[in-house]
Amino acid sequence: MSKEITPRAQDYSQWYNDLVIKGSLADYSAVRGCMVIKPYGFALWENMRDVLDKMFKDTGHQNAYFPLFIPKSLFEAEEKNAEGFAKECAVVTHYRLKTDPNNKGKLIVDPEAKLEEELVVRPTSEAIIWNTYKGWIQSYRDLPILVNQWANVVRWEMRTRLFLRTAEFLWQEGHTAHATKEEAVIETKKMLEVYADFVENWMALPVIKGVKTANERFAGAEDTYCIEAMMQDGKALQAGTSHFLGQNFAKAFDVKFSDKNNNLEYVWATSWGVSTRLIGALVMAHSDDQGLVLPPKIAPLQVVIVPIFKGDEQKAAIDAKVNVMMAELKALGVSVKYDDSDNARPGWKFAEHEMKGVPVRIAIGARDLEQNIVEVARRDTKEKANASIDGIGLHVKNLLDEIQQNIFNRAKAFRDDHISEANTWEEFVQLLDTKAGFISAHWDGTPETEEKIKEQTKATIRCIPLDNKQEAGTCILSGNPSTQRVLFARAY
RNA sequence: CGGGAUGUAGCGCAGCCCGGUAGCGCACACGUCUGGGGGGCGUGGGGUCGCAAGUUCAAAUCUUGUCAUCCCGACCA
């Protein structure tokens, strides 16, 4: 099996695909735009999911599950939301197949099994959830509702890419209902902080927190907050969003509550989500030409031990030492696998585990036993060093922490190095073509100008950073006055 | 949805122009020597050539249609 990875510098896009496929994260499937997430990739997702799930619960949320299908009449209730997603919806129109009378062994859609009302396969669940909340909420005492669901959604995208944009993807979507605007805004921002915390401290990916412009806002939201990450080609990737939905959905679904003074008020809403797209971000941000580089804190496997031996006698001696090391590592909460299969030679295993981004590799052979040492190799820098078997557990645990930190620092240094300021249109255009990354520039605040910039350069406003410094300036395109810089970039 | 490409063994590909016994590498099985960076040698198994029509004595190869996937663009998390 050829396992060469296309070099990043040669073809970034192909490099990414190779990493996903050859790193055993996912496969193409028989369905256009849909992927199979393989066990290794799913283990990664499970780790991410588990951490996030705990964070959600720690902030007072509960999990629930809502249907995959949304009756069309409910889906269209919130007009902007419906419009925004309409052109990428899969729709169920029939509920039965039958054998084709003209073609034995084949099935056709039974024309007599047409649904009275079409069912939309959810591209997002606000509609079905707010229709449900209507029945849950009468009084301020019923609020807030803090619910999250882990689910799959379908968006019939024209062009798909593994993890980054698939027709079906896994995600979580939080949907909360509040008595006051202030409370909903606080929730929106709180969840953005949770996402930023997770992405930075677990995925080792630095992000910029900000708010979207009207053009880039979620369909149906009053405000969309986001975290933006930078990939190794300098392009931006939206890593998570948290929406303040105002009373839009409450009004669309007539969800009112009696406040303390017995006044009927519409409920305030938020929604927030991250998806398997984060895996794409992870892959693109940290990996190299040898394969994946995974942050230890969410890697499916943190340590792999490879024995190097000749004959059963040596193997037995190595096994004995490895068992001790394994126990020590496991006691410290480190996940470790002993790759002692005799199917592949050590060199092959080294390459394979590098491909899959296992953070630490320990090699142990007969000559190491004599000196009571092992060879410890770290994936992020590919450095190898000998370490004493005594105290190996703590040594490796510390190394994992160091790798986690190093990966983050490296990504942050790259990111910071690729944020530039542009003060004129010429500078802006030149920067885009010569130095990919974020460009901090003045913008007059109008959707028209934003649109023109996008048309001419394909760069969009990724966000207006939170706590942005206010400074007087002139818009790079229109020359009109501006009060602050915003971040532009070409994006995924 | 526009443009480009590709469907032949589990994977990656050649063969097609010029129709005539379906091939190569990797993987797989067995044996053997090996083992500190993707091993060597030997033997062996595995394919209705995406699908459907057509032309022909004969189609992986020519014609028409069809389906699917990938890549690039516009749209989007």
Side-chain angles (χ1 to χ4, degrees), chain A residues 1-6 11-14 16-18 20-22 27-35 84-89 103 106 123-124 152-173 195 212 215-219 221 224 226-229 236-243 271-281 290-291 306-312 314-315 318 340-355 361-369 373-375 377 382 384 386 454-455 458 460 462 491-492:
Chain A
M1 186 176 6
S2 168
K3 279 241 178 181
E4 309 273 299
I5 289 179
T6 305
D11 184 342
Y12 192 85
S13 188
Q14 191 57 48
Y16 173 78
N17 286 336
D18 285 354
V20 172
I21 301 289
K22 292 173 179 168
D27 257 344
Y28 293 110
S29 75
V31 189
R32 189 196 79 97
C34 295
M35 64 178 172
F85 284 103
K87 62 186 181 304
E88 54 193 48
C89 286
N103 201 348
K106 303 290 182 187
T124 180
N152 59 339
V153 286
V154 170
R155 296 182 187 175
W156 214 265
E157 299 287 351
M158 291 305 173
R159 184 153 128 59
T160 57
R161 299 192 64 185
L162 294 165
F163 286 114
L164 294 177
R165 182 166 300 108
T166 44
E168 180 193 15
F169 57 93
L170 305 183
W171 77 345
Q172 58 68 218
E173 45 182 329
Y195 287 155
K212 289 288 189 189
N215 280 1
E216 301 282 326
R217 200 175 282 155
F218 175 75
T224 289
C226 63
I227 48 174
E228 293 286 328
L237 189 144
Q238 181 176 305
T241 48
S242 185
H243 314 292
S271 70
W272 27 273
V274 296
S275 71
T276 37
R277 181 179 224 210
L278 281 179
I279 294 178
Q290 276 67 50
V306 177
I308 298 157
F309 61 96
K310 243 185 270 193
D312 292 343
Q314 284 191 2
K315 174 71 168 34
I318 291 170
D340 67 338
S341 66
D342 207 10
N343 298 330
R345 258 141 243 96
W348 197 90
K349 292 177 185 174
F350 293 172
E352 182 65 17
H353 293 119
E354 272 167 17
M355 182 83 74
R361 180 188 71 236
I362 296 175
I364 174 167
R367 73 186 188 212
D368 298 312
L369 286 182
I373 57 167
V374 290
E375 181 193 79
K382 294 200 276 295
K384 293 190 279 198
N386 290 332
K454 183 179 175 183
E455 276 169 23
K458 288 182 195 162
T460 52
R462 299 320 301 159
Y492 279 100

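To find a chain, count down the sequence lines: A is the first, B the second, and so on, and within it residues start at 1.
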Whole angstroms only, please: what is the [atom1]-[atom2] distance between [X] and [N]?
X      : N      : atom1 : atom2 : result
A/Y12  : B/rC71 : OH    : C1'   : 17 Å
A/H353 : B/rG37 : NE2   : P     : 16 Å
A/I364 : B/rG36 : CD1   : C1'   : 12 Å
A/R361 : B/rG38 : CZ    : P     : 12 Å
A/D342 : B/rG35 : CG    : P     : 13 Å
A/K349 : B/rG36 : NZ    : P     : 11 Å
A/L162 : B/rC70 : CG    : P     : 8 Å
A/L164 : B/rC75 : CG    : C1'   : 16 Å

Test your reading of the model: is there a side-chain donor-acceptor pair from [X] to the backbone of [Y], 3.5 Å cut-off?
X      : Y      : result
A/T460 : A/K454 : no
A/T160 : A/A167 : no
A/Y492 : A/A281 : no
A/Q172 : A/V274 : yes
A/Q314 : A/K310 : yes

Could you tell me whether [X] contacts a base, only the sugar-phosphate backbone, or nothing, with contacts defined as non-hydrogen atoms closer than 4.0 Å?
X      : result
A/Q238 : sugar-phosphate
A/F218 : nothing
A/T160 : sugar-phosphate
A/F85  : nothing
A/A377 : nothing

Has the side chain of A/K384 got a donor or acceptor atom sitting under 3.5 Å from an opposite partner on the base of B/rG37?
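Answer is yes: a donor-acceptor pair is held.
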
Mark yes or no for a side-chain to base donor-acceptor pair under 3.5 Å between A/R367 and B/rG36, with no hydrogen or angle criteria applied.
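Yes, the side chain and the base share a sub-3.5 Å donor-acceptor pair.
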
Given the [atom1] atoms of [N] and [M], what is the spacing between them in whole Å?
N      : M      : atom1 : answer
B/rC13 : B/rG54 : P     : 32 Å
B/rG44 : B/rG25 : P     : 14 Å
B/rC49 : B/rA9  : P     : 10 Å
B/rA14 : B/rU6  : C1'   : 14 Å
B/rA59 : B/rU48 : C1'   : 14 Å
B/rG36 : B/rA52 : P     : 49 Å
B/rC1  : B/rU63 : P     : 27 Å
B/rG12 : B/rA27 : C1'   : 11 Å

Could you please name the option among [options] that lies closest to any side-chain atom of [X]?
X      : options                : value
A/E375 : B/rG37, B/rG36, B/rG39 : B/rG36
A/A363 : B/rG36, B/rG73, B/rG38 : B/rG36
A/A351 : B/rC75, B/rG35, B/rG37 : B/rG37

For [N], what is the paired nucleotide under Watson-Crick or G-U wobble rules, both distances under 3.5 Å?
N      : result
B/rA5  : B/rU69
B/rC41 : B/rG31
B/rU63 : B/rA53
B/rG10 : B/rC26
B/rU48 : none

Using a strict cut-off of less than 4.0 Å between a Lys/Arg side-chain nitrogen and an Asp/Glu carboxylate oxygen, indicate whether A/K212 and A/E228 qualify as a salt bridge.
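Answer for the salt bridge query: yes.
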
Do A/E354 and A/R361 sit within salt-bridge range, that is, some charged N less than 4.0 Å from a carboxylate O?
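A salt bridge is present here (some side-chain N lies under 4.0 Å from a carboxylate O).
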
On RNA chain B, check which nucleotide each of A/S13 and A/K310 is closest to and give me the residue with the more 5' one.
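Nearer the 5' end of the strand: A/K310.
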
5' priority, RNA chain B, between A/M158 and A/N343 [closest heavy atom]
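By nearest-heavy-atom nucleotide position, the 5'-most residue is A/N343.
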
Any idea how A/Y195 and A/W272 line up, ring-wise: parallel (<30°), tilted (30 to 60°), or perpendicular (>60°)?
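Correct class here is perpendicular.
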
Check whether any side-chain N or O of [X] sits under 4.0 Å from OP1 or OP2 of [N], and answer yes or no.
X      : N      : result
A/R159 : B/rC75 : no
A/N17  : B/rC70 : no
A/K458 : B/rG73 : no
A/Y28  : B/rC71 : yes

CA sep, side-chain torsions, deciding dist, call: A/N17, A/T6, side-chain contact (heavy atoms from CB on, under 4.5 Å)
CA-CA 9 Å; A/N17 286 336; A/T6 305; over 6 Å; no

Determine whether A/F163 and A/V20 satisfy the following criterion, side-chain contact (heavy atoms from CB on, under 4.5 Å), listing intermediate values before the conclusion.
CA-CA 9 Å; A/F163 286 114; A/V20 172; 3.7 Å; yes

Would you list the protein and nucleotides 5-8 of chain B atom pairs, both N or O, that sit under 3.5 Å from each other?
none

